[in-house]
Protein chains: 2
Amino acid sequence: MPDRAARPATPRWIEILTRAAVADVEGSRDLKQDRSRRRQQDLLVAATRIFARDGIAKAKMADVAAEAGIPVSSIYDYYPSKEDLAYAIPIQRLTAFYAEFLAEAPSRPTMRDRLHLFLSMATDYARRNPDWARLLYLEIWPSVLIEEARVRRTIDDFGRIVVEMIREGSRLGEWDARLDPHRSATILMGSVTHMIITWLLYGRPDDLAQAAGPMVDHLLMLLDVGEPPEASSGRLRATEPGDVVT
Amino acid sequence: MPDRAARPATPRWIEILTRAAVADVEGSRDLKQDRSRRRQQDLLVAATRIFARDGIAKAKMADVAAEAGIPVSSIYDYYPSKEDLAYAIPIQRLTAFYAEFLAEAPSRPTMRDRLHLFLSMATDYARRNPDWARLLYLEIWPSVLIEEARVRRTIDDFGRIVVEMIREGSRLGEWDARLDPHRSATILMGSVTHMIITWLLYGRPDDLAQAAGPMVDHLLMLLDVGEPPEASSGRLRATEPGDVVT
DNA sequence: CGCCATATCCGAATTTTATTCACATTTATG
DNA sequence: CATAAATGTGAATAAAATTCGGATATGGCG
């Protein structure tokens with residue numbers, strides 16, 4: 001259905017980014033009283049700390065309440081469940097991240113530079129907000145069952161933006177157009193998130209910010225180099241009965 | 001301390017692999033009665049299904065028990081807690097995976113081929129055991145707090161093996177020895193696990209096995225290509241006060 | 001400035017689940 | 001086939017999340 005022939009006036013990655021950078025806060029019921037807004041903010045900060053420390057599953061609402069200095073039952077005035085509380089955290093800042101990137105991106109001349117910026121900024125965000133990052137990268141991103149559509153979409157947008165930036169780069173002739181953008185995106189995102197996860201879990205590399213730049217440069221070489229030649233080592237197996245063939 | 005001058009008779013990746021391929025089952029108390037062994041096996045299978053379906057946190061022991069056809073309290077005859085039950089699952093098969101690879105690896109002539117095999121086999125394992133893979137890749141691998149040392153180590157071995165295989169390849173002159181093996185390992189593992197995760201969550205690529213080979217070939221190009229030139233795009237930021245400088 | 005409707009707060013139940021326990025049953029072994 | 005050890009199990013306990021309903025605070029308005 002989509003009309004691929006006509007190049008849209010606005011590249012898709014900007015469309016997605018723009019939507020993602022706003023999609024946010026409408027989710028939270030608008031509070032009428034001042035004190036409430038302050039409290040909700042305190043609650044979110046407290047929750048980030050406790051969830052990052054204990055993991056969502058093991059964290060106790062009592063601990064979160066204590067950290068925030070409010071009674072347990074008041075939490076439920078803001079969020080319907082522990083899970084929802086947990087999910088509110090990544091949404092808020094991911095949205096902010098998209099907004100920041102949207103502001104920075106136009107100052108970069110090429111798609112390559114923009115990709116570089118996107119990945120570096122993501123890494124730097126994690127470095128500066130380790131509690132938030134633990135929650136996002138270790139608990140929520142991979143979580144099996146995020147029915148909560150808003151969370152899922154906010155996270156998925158990350159991937160969509162990378163894929164679309166790669167596509168745009170091909171279109172502009174910055175690299176070999178035969179590259180599969182999904183594969184390239186998988187490599188870029190997988191590598192970067194893996195580096196962040198390793199840093200969160202083991203503290204290596206010591207200086208994440210310093211490691212990120214060269215890592216991303218290294219990754220972007222793949223775009224320059226282009227498609228690999230025919231499979232070098234044999235396939236693991238031939239198609240088997242029962243396999244989905246496409 | 002380690003003596004880098006003398007090349008050890010056995011490469012380190014084989015040492016680690018050998019240990020990892022055995023480390024297993026001693027963890028589970030040896031059951032005297034036949035029926036028990038059968039039951040424990042049933043329990044593990046049931047748990048894999050339920051945990052993969054509902055996520056560890058939300059899954060109910062009652063459901064697991066029902067699926068296995070045993071009373072809830074009997075679960076505790078085998079595993080001291082829900083968590084321990086969950087952790088037993090990945091250990092068992094990861095160990096089996098290491099053993100399989102250990103058997104296959106010698107038949108490959110180069111380190112490059114062995115790396116290729118390792119990553120392809122890991123992908124194929126996930127494809128063939130999706131429930132298990134959901135548990136491992138989506139719930140346990142990234143989990144913030146796996147104190148259980150055995151689990152942590154079994155998983156960490158995965159990374160160690162990749163790093164050491166890359167080192168061995170450098171040593172043998174198969175690729176540029178100036179490459180940082182940790183960075184290369186991060187790229188290889190991150191990309192592959194990201195592909196597996198995407199497959200588990202969204203069913204794309206349709207045919208994981210078919211996608212894995214070319215993906216790994218593509219990744220291994222990075223080893224051939226060598227170190228990138230000096231940073232192409234500017235660093236995101238200069239060193240700031242408060243940063244760890246090494 | 002004081003009153004009212006509404007929003008917010010919170011201690012005390014309630015509910016949901018994991019985990020433990022004390023006794024019953026089964027198994028391997030001589 | 002008797003016996004000790006190993007297993008099995010329903011019913012109790014415990015630990016948390018979540019709900020409830022009256023008490024309290026807030027902001028707009030006469």
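Labels below follow one simple rule: chain letters A, B, ... track the order of the sequence lines, proteins then strands, and each chain is numbered from 1. All of these numbers come straight from a predicted model, not from anything done at the bench.
- Listed by chain and residue number, R152(A) satisfy the salt bridge (Lys or Arg N to Asp or Glu O under 4.0 Å) test with D156(A) (two or more places apart in sequence, or in another chain).
- In this pair, F101(B) and W13(B) present their aromatic rings tilted. The plane angle is within the 30 to 60° band.
- When rounded to the nearest whole Å, the span between OH of Y79(B) and P of dT20(C) equals 17 Å.
- Relative ring orientation between F118(B) and Y98(B) is described as parallel, the plane-to-plane angle staying below 30° on a 0-90° scale split at 30° and 60°.
- Per the geometry, CD1 belonging to I70(A) stands 16 Å off C1' belonging to dA25(D), to the nearest Å.
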(message) One character per nucleotide, please: for nucleotides 13-18 of chain D, 5' to 3', B when the base has a protein heavy atom closer than 4.0 Å, S when only the sugar-phosphate does, - otherwise.
(response) ---SSB
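- Aromatic pair F51(B)/Y87(B): centroids not less than 6.0 angstrom apart.
- Two residues are said to be in side-chain contact when any heavy atoms from C-beta on lie closer than 4.5 Å; I155(A) and L136(A) meet this criterion.
- When rounded to the nearest whole Å, the span between CD of Q40(A) and C1' of dA7(C) equals 14 Å.
- Around CZ of R49(A), the count of heavy atoms belonging to other residues, nucleotides or ligands within 6.0 Å does not exceed 12.
- For R39(B), a side-chain nitrogen or oxygen approaches OP1 or OP2 of dG8(D) to under 4.0 Å.
- In this entry the distance linking CG of D77(B) with P of dA5(D) reads 18 Å, nearest Å.
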